[in-house]
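Numbers here are sequence positions counted from 1. Side chains are part of it too, since the values below use all heavy atoms of this structure and drop only hydrogens, waters and symmetry mates.
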Amino acid sequence: MKQKKIILVATLMLSVVTATAQSLNSAYFTDGYKYRHTMNPAYGNDQSYVSFPALGNINVRTQGNFGYDAIIKTNPQPYGKKTMTTFLNPYIDASTALGDFASGNNRVMGNIGITILSVGFKAWGGYNTIEINSKTSFGASLPYELFEFAKNTGNKNYDIGDINVGALSYAEIAFGHSRQLTEKLRAGAKLKVLLGVGRADVKMENVKAQLNDANQWLISANAQADVSLKGFTYKQKEKEYKQKPGTYQYVNDAKVDGAGIGGFGLAVDLGATYKLNEDWQFSAALLDLGFISWSNDMQARNINDQFLFDGFHDAEVSKSSPNSFKNQGQAYSDQMAEFANLQDQGDKGGRTTGIGTTLNLGAEYTLPMYRQLSIGLLSSTRFQGAYSWTEARLSANWEPLKWLDGGMSLGVGSFGASAGWLVNIHPKGFNFFIGMDHILGKQSKEFIPLSSKASVNLGMNITW
């Protein structure tokens, strides 16, 4: 693998918001959707199925409360033509530059889930699933004060707060079983064997910036990076002290030599449904309750209580500019590396981390006068530290034909409002579905969504 900038993960998160989540909440109440068991293991299917390899269930999603349009701006003075730049451009006033950032923590996160192989069938008194999945997720939680400091609004002191950036990739082999316990109660569970590919966590706590008499920024922070990835090593750059004679080294790059499984773990999904009567059904599920034990922990820490930082600088994004975004990528990463000021501490010998747990609670009402239509309310809560979120989603679910169903949904939660939809075609012998929890809005000319809310979920399966 080529050398990668590790401390630049936050910047990459802000620009690669074309990806993210492993479930389609708009399909939670759709009976014919083959992968409802991924959101509640108590759900079974009327049909057995086997997925097309790597095409059975592809889920890509991002969500957040800021996005591309907060970072990238166009046509500031004195340019006479349309020019792309960043919010750091000195010709953009502070109120305009910072207007699209949230006043508290600015978060963006995403997941990419690919079902390599999935099989569902009836046997042993219930419904069974066997899956091999690949999952990748990322997240960034950045305080408003960080962007205020980057823009340099004129203050001499900034209390920036805490910065969190993380990424996780693993594969899972899952075995699920659900069955009817009573006439009204159905329960299910899923055991997952986890194969960790890699995990990275960068945290900067209690970050403060103070302008000294020499017009230089004095930064203080407790910063630490933990990377668990086979073959991973940091690379350091030497820099002279400005506070006193001498030099020191800080992490500004990394490389990966080789690849493989970096950790092992286990997780479980637990779920139940309760059919109160012909009209009402309630459900609950706890997903991804588990851990991965990693074989290494390549750690870097900020071992200086205070250090000098030159500040963040702008670059134009126009492809024709000598200071294009592409050409300035190295400069941006160097700025992030200097700001983090991490020193390599070597391999700390491994660590154990969670993978994030989701709680789903659902209630569905089927219309007595038209049984093909139901109204569902799903509450989803993700427990994952700085990347936790909640969402409530109301959906109208319609089954006009035995082989065709789907619906529309409206959601509201930690990242604002969104609209979703699903079309699910499942005649005997074949299944195709496509849907979104967040309808794709306006995009840049590079097809990057202007907001960080976007999703798509699709798949093809053989049924019988």
Side-chain angles (χ1 to χ4, degrees), residues 5-15 71-73 76 85-94 97-98 101 106 140 142-163 165 202-225 234-254 300-317 321-344:
K5 291 293 182 181
I6 298 303
I7 309 305
L8 188 57
V9 174
T11 304
L12 295 176
M13 302 266 187
L14 306 183
S15 59
I71 303 295
I72 304 301
K73 306 295 182 181
T85 185
T86 72
F87 75 102
L88 298 175
N89 191 294
Y91 292 103
I92 301 177
D93 64 86
L98 301 173
F101 295 104
N106 290 261
L142 311 173
Y144 173 84
E145 289 77 14
L146 174 64
F147 301 101
E148 189 179 34
F149 166 67
K151 182 63 179 174
N152 190 4
T153 57
N155 296 339
K156 293 186 176 181
N157 296 281
Y158 292 92
D159 188 353
I160 295 172
D162 297 341
I163 298 169
V165 177
V202 181
K203 299 179 180 179
M204 297 185 68
E205 298 177 333
N206 196 28
V207 184
K208 299 180 186 294
Q210 180 180 359
L211 192 65
N212 64 17
D213 294 337
N215 204 34
Q216 297 171 313
W217 290 109
L218 186 63
I219 307 294
S220 63
N222 297 317
Q224 181 171 310
Y234 294 106
K235 298 188 69 175
Q236 297 195 131
K237 179 180 180 180
E238 190 171 273
K239 186 175 181 179
E240 292 185 3
Y241 277 108
K242 293 185 179 180
Q243 299 99 321
K244 57 185 178 181
T247 62
Y248 74 98
Q249 292 186 325
Y250 70 94
V251 172
N252 78 316
D253 205 346
R301 290 192 295 112
N302 173 8
I303 59 176
N304 296 324
D305 291 336
Q306 293 182 327
F307 59 94
L308 291 177
F309 176 61
D310 293 332
F312 294 101
H313 311 289
D314 178 48
E316 294 178 23
V317 187
S321 169
N323 291 325
S324 68
F325 187 77
K326 179 180 179 180
N327 293 338
Q328 288 296 316
Q330 181 74 32
Y332 278 126
S333 64
D334 287 342
Q335 291 177 46
M336 291 297 298
E338 285 193 48
F339 181 71
N341 194 49
L342 298 171
Q343 288 85 51
D344 186 6

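- Atoms CG and CD1, on N89 and I72 in that order, are 11.0 Å from each other to the nearest 0.5 Å.
- Taken from CG in L211 to CG in N157, the straight-line distance is 8.0 Å, to the nearest 0.5 Å.
- Without hydrogens or angle criteria, K151 side chain to I92 main chain gives a donor-acceptor distance under 3.5 Å.
- Taken from CD in Q343 to CZ in R301, the straight-line distance is 9.0 Å, to the nearest 0.5 Å.
- Residues satisfying the ring-ring contact (aromatic ring centres under 6.0 Å, His included) criterion with Y158, sequence neighbours excluded, are F149, W217.
- Put simply, the side chain of N341 never gets that close to the backbone of F307: no donor and acceptor are under 3.5 Å apart.
- Legend: residues meeting salt bridge (Lys or Arg N to Asp or Glu O under 4.0 Å) with D159, ordered by chain and number and at least two apart, are K208.
- The CG atom of N302 sits 11.5 Å away from atom CD of E205, with the distance rounded to the nearest 0.5 Å.
- Considering every non-hydrogen atom in both A223 and A340, the closest pair reads CB-O, 3.9 Å.
- Across A150 and F87, no two heavy atoms sit closer than the pair CB-CZ, 4.3 Å.
- Residues F309 and F339 bring their aromatic ring centres within 6.0 Å.
- For the residue pair P143 and N106, the shortest heavy atom distance occurs at C-ND2, 4.0 Å.
- Remark: D162 engages no residue in a side chain to side chain donor-acceptor pair (under 3.5 Å) (not counting sequence neighbours).
- There is no side-chain donor-acceptor pair under 3.5 Å between N206 and N222.
- Annotation: side chain of L308 is in contact with side chain of L218 (closest heavy-atom distance under 4.5 Å).
- Atom CD of Q236 and atom CG of D344 lie 5.0 Å apart (nearest 0.5 Å).
- From F147, atom CZ reaches atom CD1 of I160 across 11.0 Å, with rounding to the nearest 0.5 Å.
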